[in-house]
Amino acid sequence: MGAQQVRDGFAGLYGTAPEGVWAAPGRVNLIGEHTDYNDGFVMPFALPHTAVAAVSRRTDGVLRLHSADVEGGVVELRVEELAPGSDRNWTAYPSGVVWALREAGHAVTGADIHLTSTVPSGAGLSSSAALEIVVALALNDLFSLGLRGWQLARLCQRAENVYVGAPVGIMDQTASACCEAGHALFLDTRDLSQRQIPFDLAAEGMRLLVVDTQVKHSHSEGEYGKRRAGCEKGADLLGVDALRDVPYADLDEALARLGDEEEVRRLVRHIVTENERVERVVSLLESGETRAIGPVLVEGHASLRDDFRISCPELDLVVDTALAHGALGARMTGGGFGGSAIVLAEEPDVDAITKAVTEAFATSGFTTPRVFEAVPSAGAHRLD
């Protein structure tokens with residue numbers, strides 16, 4: 001939906017033009033899954049799919065929210081009454097951002113907000129982070145808060161952790177706020193240091209497909225929290241601040257120290273090897289060996305499936321079918337238990353792979369997947 005259409009929608013709802021229109025993208029994570037809340041390395045890039053917000057300031061303590069994508073009218077809240085757990089609806093994401101900004105001492109005195117999004121919900125592409133970041137960026141601009149992208153990401157993570165109650169890491173919000181077009185973001189989630197890694201597949205005759213399995217997942221559900229708690233237990237048993245501190249070279253020794261804690265051993269093995277995979281992908285891309293990242297993606301999927309145990313039959317079918325029909329690499333992406341997989345392929349093979357995956361889903365009785373190309377795009381920005 002274009003900026004003018006969102007602007008017109010705002011005017012129809014609130015009777016006046018908005019002060020501005022902003023956009024924030026969803027993301028695909030190329031490699032580095034569940035490492036972010038373990039102080040590790042991740043490598044996302046932004047999608048062209050965005051959440052868009054038309055926004056105006058208010059000075060009377062009223063927050064009015066509307067989404068073109070959700071049935072119902074304008075939801076009106078008071079900013080001084082916002083509190084964690086008080087909102088269990090979609091509005092928790094934008095209202096949580098207002099709460100987090102105010103908790104951090106920023107004088108946000110209310111707003112009128114009209115939202116829409118093209119980021120698929122529940123597909124593991126960070127639709128919630130896009131919603132949070134677009135609201136945060138708009139309020140940052142309108143109230144002249146002077147916050148940088150990584151600071152907005154931290155506040156939005158706090159909103160989702162504390163206000164919404166989802167124990168997510170920092171990757172999704174940082175990707176939405178900080179990615180650059182034509183690049184993947186190599187992010188150290190401990191200190192938030194960033195490097196933009198050139199990632200122009202089209203120039204090398206390749207494509208990266210996203211296959212949305214249509215299996216919905218929710219970060220608020222218990223399995224994600226169980227994995228996070230298990231990782232924290234592993235760090236505690238090994239005497240480190242976070243699993244990021246376990247060197248890859250010392251992995252076997254660390255696993256031996258965990259004894260019969262088999263579930264924790266699996267989680268630790270995934271995190272430590274996944275951090276190494278991120279560093280390997282960065283090295284390959286910087287060396288111009290882009291095609292060589294394909295097998296690393298496959299390794300990552302096997303680790304998520306067998307050690308972290310967050311794949312599902314639909315995700316495994318995408319990966320297995322794509323590889324059988326010539327893909328260079330494939331893996332599930334996102335939090336798991338559904339969502340999307342990514343497929344790295346030579347351009348001439350894209351149609352055959354897409355057809356094979358779609359037919360495999362039909363044969364298995366699964367819902368038809370949504371397949372689209374992922375093009376590294378710009379992070380959050382003002383549209384007008």
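We number each residue from 1, following the sequence as shown.
- A 4.5 Å side-chain heavy-atom check between Val74 and Tyr14 finds at least one atom pair inside the cut-off.
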Show me the donor-acceptor pairs within less than 3.5 Å that the side chains of residues 230-237 make with the rest of the protein, sequence neighbours left out.
| unit_1 | atom_1 | unit_2 | atom_2 | d |
| --- | --- | --- | --- | --- |
| Lys233 | NZ | Glu261 | OE1 | 3.2 |
| Lys233 | NZ | Glu261 | OE2 | 3.4 |

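- Residue pairs satisfying the salt bridge (Lys or Arg N to Asp or Glu O under 4.0 Å) criterion with at least one member in residues 28-45, sequence neighbours excluded, are listed as follows: Glu33-Arg331, Asp39-Arg190.
- Across all non-hydrogen atoms, the minimal contact from Asp141 to Trp22 is OD2-NE1, 2.7 Å.
- A donor-acceptor pair under 3.5 Å is absent between the side-chain atoms of Thr290 and the main chain of Leu285, judged by distance alone.
- Environment of CZ in Arg148: sparse, with no more than 12 heavy atoms of neighbouring residues, nucleotides or ligands closer than 6.0 Å.
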Let me see the working for His66 and Phe10 under ring-ring contact (aromatic ring centres under 6.0 Å, His included), right down to the final yes or no. CA-CA 9 Å; His66 183 268; Phe10 182 100; over 10 Å; no
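- Side-chain N/O atoms of Thr35 and Glu274 include no donor and acceptor closer than 3.5 Å.
- Across all their heavy atoms, Ser127 and Pro120 have their closest contact at CB-O, 3.8 Å.
- Counting only distance, with no hydrogens or angles, the side chain of Ser364 and the backbone of Phe361 share no donor-acceptor pair below 3.5 Å.
- At least one donor-acceptor pair under 3.5 Å links the side chain of Ser56 to the backbone N or O of Glu19.
- Interatomic distance, CG of Leu315 versus CD1 of Ile342, reported as 11.5 Å (0.5 Å rounding).
- Side-chain atoms of Thr213 and Pro369, non-hydrogen and from C-beta on, never get closer than 4.5 Å to each other.
- Atom CD of residue Glu223 and atom CZ of residue Phe308 lie 11.0 Å apart, to the nearest 0.5 angstrom.
- When side chains are defined from C-beta on, Arg154 counts as touching Leu192, because their heavy atoms get closer than 4.5 Å.
- Separation of atoms CG (Asp112) and CG (Leu13) is listed at 9.5 Å; rounding is to 0.5 Å.
- The CD atom of Gln151 sits 10.5 Å away from the CG atom of Leu145 when rounded to the nearest 0.5 Å.
- Hydrophobic clustering, with ILVMFWY side chains joined whenever heavy atoms are under 4.5 angstrom apart, groups Tyr163 together with Val135.
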Please lay out, stage by stage, how Thr321 and His325 fare under the test side-chain contact (heavy atoms from CB on, under 4.5 Å). CA-CA 6 Å; Thr321 304; His325 287 80; 3.9 Å; yes
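- Across all their heavy atoms, Val134 and Ala51 have their closest contact at CG2-O, 3.6 Å.
- Classification of the Phe45-Phe199 ring pair by plane angle, with boundaries at 30° and 60°, yields tilted.
- Not a single donor-acceptor pair under 3.5 Å links the side chain of Thr50 to the backbone N or O of Val52.
- Side-chain contact between Leu304 and Ser311: absent, with no pair of heavy atoms (C-beta onward) separated by less than 4.5 Å.
- No path of Ile, Leu, Val, Met, Phe, Trp and Tyr side chains, each step under 4.5 Å between heavy atoms, connects Ile170 with Leu155, placing them in separate hydrophobic clusters.
- Judged by distance alone, the side chain of Ser86 and the main-chain N or O of Leu82 form no donor-acceptor pair under 3.5 Å.
- For the pair Ser176 (side chain) and Asp172 (backbone), a donor-acceptor distance under 3.5 Å is absent.
- Between the side chains of Thr118 and His49, no donor-acceptor pair is found at a separation under 3.5 Å.
- Glu253 and Arg257 are not joined by a salt bridge, as no carboxylate oxygen comes within less than 4.0 angstrom of a charged side-chain nitrogen.
- Closest heavy-atom contact between Ala138 and Val55: CB-CG2, 3.7 Å.
- Between Thr333 and Val210, the closest side-chain pair of non-hydrogen atoms is not below 4.5 Å.
- Summarising the local packing, CH2 of Trp90 is surrounded by more than 12 heavy atoms from other residues, nucleotides or ligands at distances under 6.0 Å.
- Both Met206 and Met43 are assigned to one and the same hydrophobic cluster, defined by single-linkage of ILVMFWY side chains at heavy-atom distances under 4.5 Å.
- His270 places no side-chain N or O within donor-acceptor distance of the main-chain N or O of Val268, the cut-off being under 3.5 Å.
- A donor-acceptor contact shorter than 3.5 Å links the side chain of Asp60 to the backbone of Val62.
- For an aromatic pair to be called close, the ring centres must be under 6.0 Å apart, and Phe143 with His106 fails this.
- Listed for the Asn38 side chain is a donor-acceptor partner under 3.5 Å among the backbone atoms of His34.
- Between the side chains of Asn275 and Glu279, no donor-acceptor pair of N or O atoms lies under 3.5 Å.
- Thr368 contributes atom OG1, which lies 11.5 Å from atom CG of Asp212 (distance to the nearest 0.5 angstrom).
- Within the 4.5 Å cutoff, side-chain heavy atoms of Arg227 are placed close to those of Leu267.
- By the rule that hydrophobic residues join a cluster once side-chain heavy atoms approach within less than 4.5 Å of another member, Phe186 and Val296 end up as members of one cluster.
- Across all their heavy atoms, Leu131 and Tyr93 have their closest contact at CD2-CB, 3.8 Å.
- Nearest heavy-atom pair across Ala175 and Pro44 is CB-CG, 3.6 Å.
- A donor-acceptor contact closer than 3.5 angstrom links the side chains of Arg277 and Ser303.
- Hydrophobic clustering keeps Tyr37 apart from Val42 (ILVMFWY residues linked when any side-chain heavy atoms are closer than 4.5 Å, directly or through intermediates).
- Ion pairing between Asp307 and Arg309 fails under the 4.0 Å rule for side-chain N and carboxylate O.
- Under the side chain to side chain donor-acceptor pair (under 3.5 Å) rule, Gln173 has a single partner from Gln157, Arg27, Glu132, which is Glu132.
- A distance of 10.5 Å separates CD1 in Ile133 from OG in Ser126, rounded to the nearest 0.5 Å.
- No donor-acceptor distance shorter than 3.5 angstrom exists from the side chain of Glu314 to the backbone of Gly338, with no hydrogens or angles considered.
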Run Leu101 and Asn140 through side-chain contact (heavy atoms from CB on, under 4.5 Å) and show every step you take. CA-CA 9 Å; Leu101 286 167; Asn140 183 55; over 6 Å; no
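- Judged purely by distance below 3.5 Å, without hydrogens or angles, the side chains of His301 and Asp316 pair a donor atom with an acceptor atom.
- Looking at heavy atoms from C-beta onward, Arg291 lies in side-chain contact with Glu346 at the 4.5 angstrom threshold.
- Under the 4.0 Å criterion applied to side-chain N and carboxylate O atoms, Arg280 and Glu299 are assigned as salt-bridge partners.
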Determine, stepwise, if the pair Ile353 / Lys355 fulfils side-chain contact (heavy atoms from CB on, under 4.5 Å). CA-CA 5 Å; Ile353 291 170; Lys355 182 173 183 288; over 6 Å; no
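- Between the side chains of Ser193 and Asp191, a donor-acceptor pair is found at a separation under 3.5 Å.
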Applying side-chain contact (heavy atoms from CB on, under 4.5 Å), run through Thr109 and Val79 and close with a yes or a no. CA-CA 7 Å; Thr109 55; Val79 296; over 6 Å; no
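- The shortest side-chain heavy-atom distance between Ser128 and Glu160 falls under the 4.5 Å cut-off.
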